[in-house]
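Chain A is the first sequence line, chain B the second, and so forth, proteins listed ahead of strands; every chain is numbered from 1.
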Amino acid sequence: FQFQERVFLQFLGLDKVPSPQKFQPVPYILKKIFHDQEAAATTGVSRDLCYVKELGVRGNILRLLPDQGFFFYSKNLPQVSSCLQKLLYFNLSSVKDKEQLTMAQLGLDLGPNTYYNLGPELELVLSLVQEPHVWGQSIPKPGKMFVLQSVLWPQGVLHFNLLDVARDWSNNPQKNLGLFLEILVKEHRDSVANFQLGDTCARLRCTLHASLLIVTLNPKQCYHSSRERR
Amino acid sequence: AAIPAPNAPCKNLCHRHQLFINFRDLGWHKWIIAPKGFMANYCHGDCPFSLTTSLNSSNYAFMQAMMHVVDPAIPQAVCIPTKLSPISMLYQDNDDNVILRHYEDMVVDECGCG
């Protein structure tokens with residue numbers, strides 16, 4: 001049986017039996033795609049397995065990569081309204097060379113979308129880390145900034161398109177040094193409730209969850225749609 | 001009037017047999033999130049010459065069955081899948097990535113002589 005198992009794992013694109021300590025949360029979109037595909041197979045409706053209708057992209061392998069970064073706790077925060085600073089890191093090594101990246105969507109979940117405990121307006125700054133982090137340095141030197149966005153909090157999940165960045169990382173793994181995320185609290189004089197910055201940021205640190213949803217197309221398994229499969 | 005063909009017992013003729021693959025039986029439920037298993041099924045049974053025209057067979061199978069009658073050293077036509085469907089699998093790899101992949105031709109829907 002060991003032999004068959006290894007063959008089956010290779011067929012799945014795995015080199016050994018995964019032994020996850022705990023199951024990651026499966027986002028709604030993956031469950032929906034899974035159930036839509038199962039329903040189509042059960043009813044005999046043939047679907048193009050190399051096109052993800054729910055996302056509008058070509059691809060036959062979807063991966064949700066968990067964030068493997070960490071928070072920075074710098075004593076002298078650069079700005080009084082700085083709430084949190086985090087390195088976001090996604091391991092793309094499971095993407096095989098022959099696979100083509102067709103989608104890379106960063107999901108930043110700021111916490112439940114309830115309005116019972118309104119938070120202050122936040123400013124999100126997302127920039128590329130382009131130099132290795134020197135230990136002892138409080139935060140990595142942020143490179144190219146590509147998101148500066150104000151969000152009312154709570155806000156649920158925010159999505160950002162990282163396709164170009166992920167393609168660059170996939171082609172040049174040594175460039176993958178992660179992203180630098182900084183969240184600031186926007187001061188407003190007329191803010192209804194004066195938010196305790198410390199509590200607000202502690203709550204945000206607890207609820208923040210980042211993940212990268214990537215879609216790849218394996219050309220060996222996906223013939224171009226214009227050419228009928230023989 | 002056609003001479004009634006010798007009725008080989010139906011259960012020996014080529015047809016689809018049910019086979020449910022339960023991932024728990026294989027110990028794979030620890031990393032496969034969904035499904036819990038799937039109906040893979042398989043094809044098995046005889047392809048006698050007299051029935052190749054009705055057993056969802058290919059022309060080739062008809063010819064081979066005829067050749068087998070003439071020269072039994074030539075093997076009979078075989079019972080193979082003629083319609084297959086895919087499955088999708090949600091699983092977790094060693095980097096804690098959640099992966100959704102579609103695998104074609106994993107479920108046997110129909111069988112025939114080929």
Side-chain angles (χ1 to χ4, degrees), chain A residues 1 4-5 8-9 11-27 29-38 40-52 59-66 68 90-95 211-216 218 221-222 229, chain B residues 15-44 55-56 58-61 80-112 114:
Chain A
F1 175 66
Q4 277 95 340
E5 185 171 60
F8 181 76
L9 291 168
F11 171 67
L12 288 180
L14 294 165
D15 48 14
K16 60 183 167 88
V17 179
S19 47
Q21 301 313 312
K22 64 179 174 61
F23 272 144
Q24 295 290 328
V26 180
I29 186 65
L30 283 189
K31 287 180 194 161
K32 177 170 175 17
I33 295 168
F34 175 80
H35 290 304
D36 288 355
Q37 181 51 39
E38 277 222 315
T42 309
T43 52
V45 172
S46 77
R47 275 180 64 167
D48 179 356
L49 296 180
C50 296
Y51 179 71
V52 187
N60 67 318
I61 304 172
L62 292 86
R63 292 179 176 88
L64 187 80
L65 312 182
Q68 297 178 357
F90 302 100
N91 180 355
L92 286 166
S93 60
S94 61
V95 179
S211 56
L212 185 67
L213 176 63
I214 61 174
V215 180
T216 58
N218 185 327
Q221 294 160 1
C222 291
R229 293 202 55 185
Chain B
H15 68 281
R16 184 185 75 168
H17 299 253
Q18 289 217 329
L19 170 68
F20 181 74
I21 293 186
N22 183 332
F23 290 136
R24 178 173 289 273
D25 294 346
L26 303 169
W28 291 343
H29 61 292
K30 295 175 192 130
W31 53 278
I32 294 180
I33 300 166
K36 296 302 172 206
F38 69 100
M39 286 301 287
N41 307 322
Y42 66 94
C43 299
H44 182 67
L55 272 181
N56 190 11
S58 64
N59 292 338
Y60 168 75
I80 56 170
T82 53
K83 184 171 179 289
L84 294 150
S85 49
I87 68 164
S88 298
M89 281 178 63
L90 254 180
Y91 60 91
Q92 199 160 306
D93 69 7
N94 283 309
D95 296 317
D96 280 342
N97 301 325
V98 175
I99 298 170
L100 171 58
R101 275 181 85 148
H102 308 311
Y103 293 95
E104 292 204 275
D105 304 340
M106 293 285 279
V107 177
V108 174
D109 294 318
E110 292 170 12
C111 299

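For chain B, no part of Ile29(A) is nearby; none of its heavy atoms comes within less than 4.5 Å. No part of Met39(B) comes within reach of chain A, as not one of its non-hydrogen atoms sits under 4.5 angstrom from that chain. With a 4.5 angstrom heavy-atom cutoff, Leu14(A) touches chain B only via side-chain atoms. With a 4.5 angstrom heavy-atom cutoff, Lys16(A) touches chain B via backbone and side-chain atoms both. The contact between Ser93(A) and chain B is made entirely by side chain atoms (from C-beta outward), counting heavy-atom distances below 4.5 Å. When heavy atoms are compared at a cutoff of 4.5 Å, Phe38(B) does not approach chain A at all.
Contacts with chain B were tallied for Val215(A), Asp15(A), Leu65(A); Leu65(A) has the most, counting heavy-atom pairs under 4.5 Å. Taking Asp93(B), Leu100(B), Ile99(B) one by one and counting their heavy-atom pairs under 4.5 Å with chain A, the maximum is reached by Leu100(B). Considering only heavy-atom pairs separated by less than 4.5 Å from chain B, the leading option among Ala41(A), Ser19(A), Pro66(A), Ser211(A) is Pro66(A).
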**OP:** Apply ring pair (Phe, Tyr, Trp, His ring centres under 6.0 Å) to the pair Tyr91(B) and Trp28(B), showing each step before the final yes or no.
**Re:** CA-CA 10 Å; Tyr91(B) 60 91; Trp28(B) 291 343; over 10 Å; no
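Of all non-hydrogen atoms in Pro86(B) and Glu104(B), the two that sit nearest each other are CB-CA, 3.9 Å.
Note that NZ of Lys83(B) and CD of Glu110(B) are 5.5 Å apart. Values are rounded to the nearest 0.5 Å.
The aromatic rings of Tyr42(B) and His17(B) lie parallel to each other, their planes meeting at an angle below 30°, with 60° marking the opposite boundary.
Legend: residues meeting side chain to side chain donor-acceptor pair (under 3.5 Å) with Asp95(B), ordered by chain and number and at least two apart, are absent. For Phe20(B), the ring-ring contact (aromatic ring centres under 6.0 Å, His included) test picks out no residue, with sequence neighbours left out.
A side-chain donor-acceptor contact under 3.5 Å links Asn60(A) and Gln221(A).
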